[in-house]
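Working notes, beginning with the structure itself.
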Amino acid sequence: MNKVIQKAAKVNHSKLCTSLLKWYDKEARKLPWRIPPELTKKGIKNDPYKIWISEIMLQQTGVKTVQTYYINFIKKWPKIQNLNEADENDVLKEWSGLGYYRRALNLKKCAEIICENYNGKFPNNENELLNLPGIGSYTAAAIISIAFDKPAIVIDGNIQRITSRLYEIKEDLKKSKSKIYEKLEKIISKERPGDFAQALMDLGSTICKPVNPKCNSCPLLKYCLAHKNNTYKFIPLKTKKLNKVIKKGYLYIGITTEEKIILIKRPKKGLLSGTICPPSSDWKQNEFPTPKPPFKGDWKILNESIFHSFTHFDLELKIMISKINEYPNDVYLEPLNSSILKSLPTVMKKGVALVIDNHII
DNA sequence: AATACGGGGGT
DNA sequence: ACCCCAGTATT
């Protein structure tokens with residue numbers, strides 16, 4: 001490439017960045033963890049703890065869903081020291097309904113490491129952040145740019161999509177990752193790295209959407225090759241969808257003589273990791289397994305099933321109920337009323353709600 | 001490189 | 001009934 005073209009490209013990158021930030025100054029979404037651009041420019045700094053919490057919650061979870069959880073979480077544990085002293089099961093309860101429960105376990109583990117090894121302060125370089133549980137390449141870069149306002153290449157689903165379209169990158173996302181990285185290196189703002197990253201996320205969420213992007217409102221319209229060539233509908237290339245399987249099993253609702261429901265803590269690994277739930281059977285593909293109730297009792301089965309859809313399979317659970325006289329001492333007992341529902345993962349919530357709503361007990 | 005890991009929102 | 005989403009850890 002000759003020097004004239006190179007220089008022209010550089011000017012273009014810088015203009016693109018300016019256009020984006022100008023748009024962000026006007027259109028930035030107001031979010032509970034965000035410091036708006038007018039205050040960032042005055043030098044108001046983010047609290048890395050809050051950015052971290054929000055970023056972990058936002059992993060594969062929508063902004064709308066996260067907001068309430070974030071506010072409640074920060075209210076309960078305003079500083080990392082509070083989280084460090086919190087009970088793991090309380091953190092999981094606060095997380096219930098958000099999904100990916102391993103995130104909550106890692107959150108707690110990470111708070112312990114930060115408090116014990118880092119004097120309660122987040123390290124401000126990517127490599128050290130990457131060594132912390134639950135922090136991968138995306139979140140490390142997000143914390144560096146948003147919380148510390150230092151340049152970092154933040155790549156999430158939105159930014160992959162925007163960059164692929166801007167430069168009309170047609171390869172599958174797996175293969176195009178390094179190309180996207182190189183393009184972003186050139187356009188990111190060195191002056192306002194945090195706002196730049198957040199601007200791209202807002203753009204992806206409100207304008208450069210997966211389907212029906214609002215190109216006419218896009219501040220980057222004139223830089224976008226996919227728009228120019230009308231290929232944006234196919235970019236980024238969509239990957240093949242996998243067929244879901246159906247699994248079946250039983251949920252065992254054991255009620256003590258004191259009218260309490262018996263719960264157990266699930267293993268730290270695997271589905272619903274570490275959450276406290278009514279015991280359930282194995283979940284067998286296509287057919288119900290042989291019922292093996294966890295406690296001795298006179299188990300009755302309900303007619304009605306509950307259904308729940310996970311990422312890679314659908315689940316049908318039949319509910320079994322029994323009064324229980326004897327049970328191990330490592331179980332958890334809770335009053336069987338609607339107040340326990342909020343601490344259960346959604347699939348379990350459905351099962352217990354069925355029992356409560358039908359006044360079966 | 002492929003797979004496991006939840007759940008809600010949008011269309 | 002699909003698809004999507006501010007991903008990470010494990011194998």
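All values below come from the heavy atoms of this structure, side chains included, with hydrogens, waters and symmetry mates left out. Proteins get letters first, then strands, A, B, ... in listed order; numbering begins at 1 in each.
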Note to self: Stem finding on DNA chain B, please: runs of three or more consecutive Watson-Crick or G-U wobble pairs, both distances under 3.5 Å, sorted by first number.
What the structure shows: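 Stem segments, range with range: B:1-5 with C:7-11, B:7-11 with C:1-5.
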Query - Aromatic plane relationship, W95(A) with F73(A) - under 30° parallel, 30 to 60° tilted, over 60° perpendicular - result: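 Ring orientation, 0 to 90° scale: perpendicular.
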Inset, instruction - Return the orientation label for the W52(A) and Y49(A) ring planes: parallel under 30°, perpendicular over 60°, tilted otherwise. - result: tilted
Residues in residues 59-70 of chain A with a heavy atom under 4.0 Å of DNA chain B, by number, are Q60(A), T61(A), T65(A)
Item to complete: Give a yes or no answer on whether the side chain of T139(A) reaches the backbone of G136(A) with a donor-acceptor pair at less than 3.5 Å.
Response: no
For a quick check of understanding: with a heavy-atom distance under 4.0 Å over all strands, which category does [X] fall into, base, sugar-phosphate or nothing?
{"X": "W95(A)", "value": "nothing"}
{"X": "S54(A)", "value": "nothing"}
{"X": "S205(A)", "value": "nothing"}
{"X": "H308(A)", "value": "sugar-phosphate"}
{"X": "G204(A)", "value": "nothing"}

Polar atoms only, N or O, under 3.5 Å: list the protein pairs with nucleotides 1-4 of chain C and their distances.
none

Only distances under 3.5 Å count here; give the side-chain donor-acceptor pairs of residues 112-121 of chain A to other protein atoms, sequence neighbours excluded, each with its distance to 0.1 Å.
{"from": "E112(A)", "atom 1": "OE2", "to": "K108(A)", "atom 2": "NZ", "distance (Å)": "3.1"}
{"from": "Y118(A)", "atom 1": "OH", "to": "E128(A)", "atom 2": "OE2", "distance (Å)": "3.2"}

Identify every side-chain donor-acceptor pair in residues 175-185 of chain A under 3.5 Å, counting partners at least two apart or on other chains, and give the distances.
{"from": "S176(A)", "atom 1": "OG", "to": "D172(A)", "atom 2": "O", "distance (Å)": "3.4"}
{"from": "S176(A)", "atom 1": "OG", "to": "L173(A)", "atom 2": "O", "distance (Å)": "3.4"}
{"from": "K179(A)", "atom 1": "NZ", "to": "E171(A)", "atom 2": "OE2", "distance (Å)": "3.4"}

Beyond-backbone contact of L16(A) with L166(A), side-chain heavy atoms, under 4.5 angstrom: yes
Please report the closest heavy-atom contact between R102(A) and S273(A), naming both atoms and the distance.
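Minimum heavy-atom separation between R102(A) and S273(A): N-OG, 3.4 Å.
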Item checked: Non-neighbouring partners of D87(A) that pass side-chain contact (heavy atoms from CB on, under 4.5 Å), sequence neighbours left out ->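 Scan of D87(A) (side-chain contact (heavy atoms from CB on, under 4.5 Å), adjacent residues dropped) gives N89(A), D90(A).
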Sequence neighbours excluded, the answer for side-chain contact (heavy atoms from CB on, under 4.5 Å) partners of K76(A) is E94(A)
Starting at [atom1] of [X] and ending at [atom2] of [N], how long is that distance when rounded to a whole Å?
{"X": "R103(A)", "N": "dC5(C)", "atom1": "CZ", "atom2": "P", "value": "15 Å"}
{"X": "N212(A)", "N": "dT11(B)", "atom1": "CG", "atom2": "C1'", "value": "9 Å"}
{"X": "D314(A)", "N": "dG6(B)", "atom1": "CG", "atom2": "P", "value": "15 Å"}

Could you measure between the two P atoms, the one in dG8(B) and the one in dA9(C), and give it in whole Å?
24 Å
Can K247(A) be said to sit on top of F313(A)'s aromatic six-ring, NZ or CZ under 6.0 Å from centre and within 45° of the ring axis?
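Flagged: K247(A) positioned over aromatic ring of F313(A).
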Listed pairs, N/O of protein and of nucleotides 9-11 of chain C, under 3.5 Å:
{"from": "dA9(C)", "atom 1": "OP1", "to": "G134(A)", "atom 2": "N", "distance (Å)": "2.5"}

Side-chain donor/acceptor pairs under 3.5 Å, residues 286-304 of chain A, sequence neighbours excluded:
{"from": "D298(A)", "atom 1": "OD2", "to": "K300(A)", "atom 2": "NZ", "distance (Å)": "2.9"}
{"from": "W299(A)", "atom 1": "NE1", "to": "F295(A)", "atom 2": "O", "distance (Å)": "2.9"}

Review point. Below 3.5 Å, does any donor atom in the side chain of Y138(A) face an acceptor in the base of dG7(C), or the other way round?
Key: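 By the distance-only test, no, there is no pair.
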Using a distance-only criterion (donor-acceptor N/O pair, under 3.5 Å, no hydrogens), is the base of dG6(B) paired with the side chain of T346(A)? no
Extract all donor-acceptor atom pairs below 3.5 Å that involve side chains of residues 142-153 of chain A and protein atoms in other chains or at least two apart in sequence.
{"from": "S145(A)", "atom 1": "OG", "to": "A141(A)", "atom 2": "O", "distance (Å)": "3.1"}
{"from": "S145(A)", "atom 1": "OG", "to": "A142(A)", "atom 2": "O", "distance (Å)": "3.3"}
{"from": "D149(A)", "atom 1": "OD1", "to": "G194(A)", "atom 2": "N", "distance (Å)": "2.9"}
{"from": "K150(A)", "atom 1": "NZ", "to": "N124(A)", "atom 2": "O", "distance (Å)": "2.7"}

Practice task
Scan side-chain atoms only and decide if S339(A) and N337(A) contain a donor-acceptor pair under the 3.5 Å cut-off.
Solution key: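 There is such a pair (donor and acceptor under 3.5 Å, judged by atom type) between the side chains of S339(A) and N337(A).
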Note: contacts of residues 271-286 of chain A with DNA chain C (heavy atom, under 4.0 Å) are none
Is the shortest side-chain N to carboxylate O distance from E55(A) to K50(A) below 4.0 Å?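 No.
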- Pair K248(A) + D282(A), salt bridge at N-O below 4.0 Å: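 Judged by the 4.0 Å cut-off on N to carboxylate O distance, K248(A) and D282(A) do not form a salt bridge.
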In short, salt bridge (Lys or Arg N to Asp or Glu O under 4.0 Å) pairs touching residues 191-200 of chain A with sequence neighbours left out are D25(A)-R192(A), R192(A)-D195(A)
